[in-house]
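Quick note: numbers below take in every heavy atom, side chains included, and nothing from hydrogens, waters or symmetry partners. The sequence lines fix the lettering, A, B, ..., with proteins before strands; numbering per chain opens at 1.
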Amino acid sequence: MTINTLFFGVVMDITGLRKAALTLEKEMTIREFQEYLLEKYPGLIDINNFAFAVNESYVKDDFKIQDKDVVAIIPPVSGG
Amino acid sequence: MTINTLFFGVVMDITGLRKAALTLEKEMTIREFQEYLLEKYPGLIDINNFAFAVNESYVKDDFKIQDKDVVAIIPPVSGG
Amino acid sequence: MEDRISVLLTPKKLNQQKCYDFVQDASCGGIVTFTGTVRNHTSGKEVKQLEFSAYTSMAVKELIKIAERALKRFDILKIALHHAEGLLQVGDIPVIIAVSSSHRKAAFEACEYAINTLKETVPIWKKEFFEDGEVWVNAHP
Amino acid sequence: MEDRISVLLTPKKLNQQKCYDFVQDASCGGIVTFTGTVRNHTSGKEVKQLEFSAYTSMAVKELIKIAERALKRFDILKIALHHAEGLLQVGDIPVIIAVSSSHRKAAFEACEYAINTLKETVPIWKKEFFEDGEVWVNAHP
């Protein structure tokens with residue numbers, strides 16, 4: 001399945017990308033996707049922690065990603 | 001001794017005066033002065049409660065009024 | 001301490017930008033403002049207008065005391081307390097309190113402290129005018 | 001509920017009067033405002049400028065969620081949450097939150113709740129520029 005992944009802030013700097021269409025070989029939870037990301041972009045290990053949003057809403061670690069989902073990696077926010 | 005007395009808000013309406021030079025026959029505390037005022041202006045009994053300021057500072061009931069003091073009767077404030 | 005305090009009691013229209021500009025500072029991270037506005041009703045009765053009168057000289061002293069205490073008690077940078085005198089219409093602004101700080105929590109606390117204390121201690125009196133009469137607020141039991 | 005909420009995420013300069021005018025109402029007695037301002041230093045280092053970037057579509061949704069929760073949780077009338085994107089200089093305003101209410105305590109609580117929650121949940125990122133480099137705030141342990 002293919003998911004659209006969005007990168008922001010420090011994560012964008014580390015990956016060098018604003019977005020990427022990633023092809024996953026199996027269904028994944030957010031937890032599994034995070035491990036997959038850390039393998040693909042080892043620099044992410046330096047980040048404080050990050051959250052995930054699927055289709056513009058925060059999701060938990062056990063959320064199952066679906067085909068065509070838009071998955072955003074949310075590094076620590078600092079608005080305001 | 002003579003003191004200058006200032007009236008504000010509802011107290012001004014009751015006494016019909018903005019200020020008055022009152023001659024006291026003896027030295028008085030604020031508590032005694034309050035009794036004196038209630039005799040002089042019986043309408044004041046209807047007021048919620050009032051505080052006193054001498055020379056522009058709040059004073060307590062046992063404060064002793066001096067000759068030439070400016071004594072303000074402060075009905076419940078409602079600024080803001 | 002005086003250059004960190006702006007106190008005003010005036011028959012003129014209050015100016016929010018003036019309060020903001022006074023407290024704003026390149027070293028502050030946030031500004032909390034309380035702006036009072038004249039409501040169109042009190043306990044279900046329609047308010048036509050308000051009149052504020054003050055023991056002016058003492059009121060200014062009490063406003064300064066509040067500002068000084070706020071500066072001592074809270075970790076804030078500057079504070080402005082401006083209050084109007086005279087006739088005000090619905091929507092007009094009787095009071096503005098602005099506080100700047102590096103720490104927003106302190107600014108919120110100081111601003112709330114200042115307006116609460118102002119309403120308790122500053123010798124200013126509000127008369128409400130209704131269709132059928134007028135009343136000094138808080139005067140009667 | 002929508003006519004009681006104003007949410008904005010914009011590359012333009014924020015406008016305090018606009019926020020005030022949105023929340024002001026003849027039935028409200030007070031307005032509490034939090035205005036963020038860009039500080040000239042962070043942990044002792046001089047800040048030259050800031051840049052805010054956002055996951056815009058989601059950030060707007062999160063701002064609306066905060067406004068809706070504030071309206072449910074506190075006895076307030078209206079709320080505005082405006083946030084800036086892009087480059088800001090020292091003294092500029094990244095965020096304004098304005099809340100109107102009959103009861104000032106509720107307005108203070110709702111305003112503080114809104115800015116605290118915004119700083120925790122809204123996907124907006126701040127980059128600080130110093131003389132000798134730049135850093136994403138909060139990014140690293």
Check: At a heavy-atom separation under 4.5 Å, does C:Val47 approach chain D through its side chain, its backbone, both, or neither?
Finding: neither
Checklist line | Partners meeting side-chain contact (heavy atoms from CB on, under 4.5 Å) with D:Ala84 (sequence neighbours left out) | finding: D:Leu14, D:Leu88
Margin query: Once you measure the plane-to-plane angle for C:Phe34 and D:Phe108, does it fall in the parallel (<30°), tilted (30-60°) or perpendicular (>60°) bin?
Written below: parallel
Give me a line-by-line list of donor-acceptor atom pairs from chain C to chain D that are under 3.5 Å apart, or tell me none exist.
| residue | atom | partner | partner atom | Å |
| --- | --- | --- | --- | --- |
| C:Ala26 | O | D:Asn40 | N | 2.8 |
| C:Cys28 | O | D:Thr37 | OG1 | 2.9 |
| C:Gly29 | O | D:Thr37 | N | 3.0 |
| C:Ile31 | N | D:Thr35 | O | 2.8 |
| C:Ile31 | O | D:Thr35 | N | 2.8 |
| C:Thr33 | N | D:Thr33 | O | 2.8 |
| C:Thr33 | O | D:Thr33 | N | 2.8 |
| C:Thr35 | N | D:Ile31 | O | 2.8 |
| C:Thr35 | O | D:Ile31 | N | 2.8 |
| C:Thr37 | N | D:Gly29 | O | 3.0 |
| C:Thr37 | OG1 | D:Cys28 | O | 2.9 |
| C:Asn40 | N | D:Ala26 | O | 2.8 |
| C:Arg104 | NE | D:Asn116 | OD1 | 2.8 |
| C:Arg104 | NH2 | D:Asn116 | OD1 | 2.7 |
| C:Asn116 | OD1 | D:Arg104 | NE | 2.8 |
| C:Asn116 | OD1 | D:Arg104 | NH2 | 2.8 |

Notebook entry, point to check: Between C:Val32 and chain D, which part of the residue has a heavy atom less than 4.5 Å away: side chain, backbone, both or neither?
Noted result: both
Checklist line | Interchain contact, C:Ile97 with chain D, by part (heavy-atom threshold 4.5 Å) | finding: neither
Notebook entry, point to check: Who among D:Gly36, D:Gly30, D:Gly29 has the most heavy-atom pairs with chain C under 4.5 Å?
Noted result: D:Gly29
Checklist line | Residue D:Val38 versus chain C: region with a heavy atom under 4.5 Å | finding: backbone
Note to self: Would you compute the distance between atom CD1 of D:Ile96 and atom CD1 of C:Ile31 and round it to the nearest 0.5 angstrom?
What the structure shows: 10.5 Å
